[in-house]
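Here's the structure, in structure tokens; my notes come after.
Not measured: the values here are computed from a predicted model. Chain letters run A, B, ... following the sequence lines, proteins first and then strands; every chain starts at 1.
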Protein chains: 4
Amino acid sequence: MKKDDISTEEKIINASIELFSEKGFDSTKTSEIAKNAGIAEGTIFRYFKTKKDILMSIVTKAIQFFSEKFIVLPLNKVLHSEKPEEEILADLLKDRYEMITKNFSIIKVIGTEALTKEKIREKLVEHVAIKTLEIGEEFYQSGIEKGIFRDLPPRTVVRSLFGSVIMLIAEQQFFPDDKKSKDVEKEISTIVEIFMNGIKSRKE
Amino acid sequence: MKKDDISTEEKIINASIELFSEKGFDSTKTSEIAKNAGIAEGTIFRYFKTKKDILMSIVTKAIQFFSEKFIVLPLNKVLHSEKPEEEILADLLKDRYEMITKNFSIIKVIGTEALTKEKIREKLVEHVAIKTLEIGEEFYQSGIEKGIFRDLPPRTVVRSLFGSVIMLIAEQQFFPDDKKSKDVEKEISTIVEIFMNGIKSRKE
Amino acid sequence: MKKDDISTEEKIINASIELFSEKGFDSTKTSEIAKNAGIAEGTIFRYFKTKKDILMSIVTKAIQFFSEKFIVLPLNKVLHSEKPEEEILADLLKDRYEMITKNFSIIKVIGTEALTKEKIREKLVEHVAIKTLEIGEEFYQSGIEKGIFRDLPPRTVVRSLFGSVIMLIAEQQFFPDDKKSKDVEKEISTIVEIFMNGIKSRKE
Amino acid sequence: MKKDDISTEEKIINASIELFSEKGFDSTKTSEIAKNAGIAEGTIFRYFKTKKDILMSIVTKAIQFFSEKFIVLPLNKVLHSEKPEEEILADLLKDRYEMITKNFSIIKVIGTEALTKEKIREKLVEHVAIKTLEIGEEFYQSGIEKGIFRDLPPRTVVRSLFGSVIMLIAEQQFFPDDKKSKDVEKEISTIVEIFMNGIKSRKE
DNA sequence: CATGAATGAGTGTTCATTCAT
DNA sequence: TATGAATGAACACTCATTCAT
């Protein structure tokens with residue numbers, strides 16, 4: 001009763017994230033959550049009125065967490081860094097990559113549910129997606145003004161960068177046997193290289 | 001019984017795609033499928049042994065369809081085109097964009113289910129993802145060899161391009177009110193521009 | 001498949017009335033209703049959204065039925081009869097007695113639930129109790145005007161008469177072994193006698 | 001710990017009577033009893049083995065209480081009074097009226113449960129109903145013998161009187177907005193008048 | 001071949017009861 | 001003795017599936 005003092009509510013949340021992420025919300029039985037959490041099934045309902053409430057609690061907390069970790073912190077890193085832009089970009093992508101990879105289960109849950117549940121989708125768009133894009137656009141815009149970046153539509157640039165990282169992660173998660181994307185550092189620096197200099201050969 | 005000659009099986013499939021895509025597989029009741037298809041609930045089970053069989057049939061057919069439309073046809077377009085590379089790239093992305101957008105419901109269904117159902121994920125990876133990547137890589141590789149593209153890892157380039165289009169579509173589908181991504185032609189040509197020439201300003 | 005053609009809904013209603021009346025609404029399990037009705041438990045919910053809906057359906061239908069049988073018909077009997085008042089009164093009480101006794105199960109259900117459920121109580125008061133009292137009062141009032149009845153408050157008279165019949169029935173239902181109230185004809189004519197002439201001895 | 005010295009057991013009993021009477025036994029949760037009693041839910045089970053035991057304790061105590069208050073005391077009042085019969089009757093009815101009204105919650109609980117629980121019904125019949133009727137019958141019988149009352153079946157007379165009071169109380173409790181039964185003194189003296197002299201007009 | 005009423009296994013949820021503190 | 005978190009048996013209700021017509 002010292003540390004390890006993981007509360008019953010946390011046990012439920014953790015078991016739920018794991019199961020929802022593996023099998024989806026609907027296919028996860030409350031009896032399984034209970035078993036995985038090491039508690040009685042009835043106990044779940046002392047903490048959450050319904051099974052759906054577990055999901056909503058996970059989503060709400062996660063979105064809150066991400067809207068801080070994802071947005072405020074990287075913002076400062078980016079805006080106050082003295083490094084050259086290429087490095088800043090690489091740092092940003094790596095940071096994002098790690099954040100998503102580390103929280104992949106929960107992100108998978110939220111992402112999946114967002115596809116069919118408008119309420120979740122709206123929360124996600126409002127608190128995470130739009131803010132993330134806006135900060136990225138601001139960063140790019142200021143780069144244009146400093147003469148570092150070309151005058152291209154910031155939204156498109158940011159969205160494409162983000163898509164490139166997302167696909168890297170998807171590839172690693174969903175075809176885990178593939179060798180081609182194992183070296184993350186290299187992948188990310190390649191992505192930065194592609195975006196900075198393009199793929200067109202400039203002979204001579 | 002001439003045209004309009006949509007078979008009962010097709011009615012079931014179409015209704016299912018629509019509903020699965022809106023509400024997800026588990027939340028869709030067979031009674032709803034029947035109502036949407038304009039048939040009796042029992043009739044469904046003359047064509048499909050179980051509800052899951054409807055899903056598997058949709059997935060199998062779609063994957064078959066996509067593995068042709070997605071892979072074989074663009075392959076030829078790309079490999080036998082006389083256009084300059086920038087245009088080929090733009091054509092490819094536009095083609096992919098349209099294919100995905102037009103079949104968005106069914107892709108959403110397959111994508112969602114692939115997240116939690118290994119069998120579907122494997123089919124998708126094997127028949128669509130890998131092939132698509134391979135053809136893209138081949139295209140890029142031959143571009144390198146022709147001296148058109150820089151010598152960067154093809155997989156990373158192709159994956160990033162694909163991620164850029166996917167994110168464009170996601171943005172349009174999930175925040176439909178946003179003005180920034182409405183003009184598809186322009187978006188795609190911007191993406192091509194980014195990938196061809198990079199975002200770094202080259203003053204001097 | 002000729003007569004006997006008691007519908008599934010009726011089977012459910014009948015089984016429910018019997019069980020609710022015996023054990024009360026809360027103590028009756030839907031599994032018992034199903035067994036008593038000779039159907040599967042799930043079938044209940046094709047006809048009634050919830051267990052409570054069964055109760056409400058019983059109550060609503062019964063109140064509708066009673067507000068007709070109880071009020072409109074006796075009204076006509078009473079108002080258009082040529083018999084002397086004592087006989088009219090005896091007929092009325094007997095009629096009421098039989099109605100209640102014949103429908104005792106359902107009346108017990110409604111009465112019990114009315115004690116704790118405001119909605120049911122209100123319906124009962126509005127559609128049955130008030131109307132019944134009003135018609136009784138009207139009958140008594142016209143008797144006063146014809147010089148047949150003494151000028152006493154009609155409500156009190158009617159209520160007391162009704163209470164006398166109710167208690168007779170209660171006694172028969174709840175202490176069924178008691179001999180004193182077995183002869184209904186005699187009981188009712190005694191009640192009429194009490195109300196017509198009072199209990200005070202008028203010697204000489 | 002002087003006055004106010006209401007024991008935990010009493011707190012439970014009082015809270016239970018209030019809630020059982022409002023919502024019925026089955027619909028009352030032990031958690032609500034605890035909240036209403038200002039104690040912890042677990043504490044209930046130090047005083048009562050089961051929830052049903054609370055009910056049985058209420059019923060047993062109440063029946064004990066009533067069988068004294070209801071029977072022994074009025075008995076003496078009636079048998080040793082020097083007042084004229086009309087006044088004795090009025091006193092009796094008023095006394096009963098007040099007893100029931102003052103204890104209405106508990107009587108409602110017992111009455112409701114008696115409808116579905118044979119054990120409670122039997123206790124009620126044996127310890128209260130029969131005794132009450134017997135004493136009433138005895139009183140009436142002696143009135144007959146004294147030449148004060150007409151020779152009518154005592155059981156019927158007593159039962160009807162009781163029914164008249166019960167209906168008066170029911171009317172007041174269940175349609176509280178009605179004006180016609182507000183003046184209790186007058187209602188009871190009208191009931192006495194009806195029973196003593198009948199409702200038949202005796203012109204001339 | 002189509003129907004839709006009936007089925008019943010399976011699930012989320014409730015709540016009286018227990019027990020370690 | 002009092003507490004309230006945890007329990008799990010019991011229950012209402014859902015819905016894919018069956019089958020007599």
Side-chain angles (χ1 to χ4, degrees), chain A residues 1 7-9 11-12 25-35 37-54, chain B residues 7-9 11-12 25-35 37-55, chain C residues 1 7-9 11-12 25-35 37-54, chain D residues 7-9 11-12 25-35 37-55:
Chain A
M1 196 171 316
S7 75
T8 304
E9 188 173 336
K11 282 188 213 158
I12 297 167
F25 174 76
D26 287 295
S27 303
T28 300
K29 316 300 162 213
T30 51
S31 60
E32 294 173 312
I33 296 174
K35 209 198 300 182
I39 57 168
E41 196 171 357
T43 303
I44 292 172
F45 297 92
R46 287 180 53 74
Y47 292 86
F48 301 93
K49 254 174 99 62
T50 65
K51 183 181 143 189
K52 190 147 199 218
D53 279 1
I54 307 176
Chain B
S7 75
T8 304
E9 188 173 336
K11 284 188 209 159
I12 296 167
F25 174 74
D26 287 295
S27 304
T28 299
K29 292 158 201 159
T30 51
S31 62
E32 294 174 311
I33 296 174
K35 210 199 306 183
I39 58 166
E41 198 171 357
T43 305
I44 291 172
F45 295 90
R46 308 203 136 271
Y47 292 87
F48 301 93
K49 249 175 103 65
T50 67
K51 181 182 153 190
K52 192 150 196 215
D53 280 359
I54 307 176
L55 177 62
Chain C
M1 198 173 315
S7 75
T8 304
E9 188 173 338
K11 282 189 213 157
I12 296 166
F25 174 76
D26 287 295
S27 304
T28 300
K29 316 299 164 213
T30 51
S31 60
E32 294 173 311
I33 295 174
K35 210 198 303 180
I39 57 166
E41 196 171 358
T43 303
I44 292 173
F45 297 93
R46 286 180 54 75
Y47 292 87
F48 302 93
K49 256 176 99 63
T50 66
K51 182 180 145 191
K52 190 148 198 217
D53 278 2
I54 307 177
Chain D
S7 76
T8 304
E9 189 174 336
K11 281 188 210 159
I12 296 167
F25 174 76
D26 287 296
S27 303
T28 299
K29 294 159 201 159
T30 51
S31 62
E32 293 174 311
I33 296 173
K35 209 199 307 182
I39 58 166
E41 198 171 355
T43 305
I44 291 173
F45 295 90
R46 309 204 134 271
Y47 292 87
F48 301 92
K49 246 176 104 62
T50 68
K51 181 182 154 191
K52 191 147 198 218
D53 281 0
I54 308 177
L55 177 62

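Across the interface with DNA chain E, nearest-nucleotide mapping of A:Thr28 and B:Thr8 shows B:Thr8 to be the residue nearer the 5′ end. Comparing A:Gly38 and C:Lys29 along DNA chain F, the residue whose closest nucleotide (by nearest heavy atom) sits nearer the 5' end is A:Gly38.
Between C:Phe25 atom CZ and F:dC11 atom C1' the separation is 12 Å, expressed in whole Å. We find that CD1 of C:Ile33 is positioned 8 Å from P of F:dA12, with the value rounded to whole Å. For the pair C:Ile39 CD1 and F:dT18 P, the interatomic distance rounds to 21 Å; values are reported in whole Å. One interatomic measurement links the two molecules: NZ of A:Lys35 to P of F:dT7, which rounds to 15 Å at whole-angstrom precision. Taking atom CD1 on B:Ile54 and atom P on F:dC15, their separation rounds to 15 Å, with Å as the unit. Taking atom CD1 on C:Ile12 and atom P on F:dA12, their separation rounds to 14 Å, with Å as the unit.
The stretch residues 40-51 of chain D touches DNA chain E through D:Glu41, D:Gly42, D:Phe45, D:Thr50, D:Lys51, each having a heavy atom under 4.0 angstrom from the strand.
For the atom pair OH of D:Tyr47 and OG1 of D:Thr8, the computed distance is 3.5 Å after rounding to the nearest 0.5 Å.
Between the side chains of A:Glu41 and A:Thr30, at least one donor N or O sits under 3.5 Å from an acceptor N or O.
Stem regions for DNA chain F, each three or more consecutive Watson-Crick or G-U pairs with both distances under 3.5 Å and listed by first number, read E:2-21 with F:2-21.
Counting only distance, with no hydrogens or angles, the side chain of C:Lys51 and the backbone of C:Phe25 share a donor-acceptor pair below 3.5 Å.
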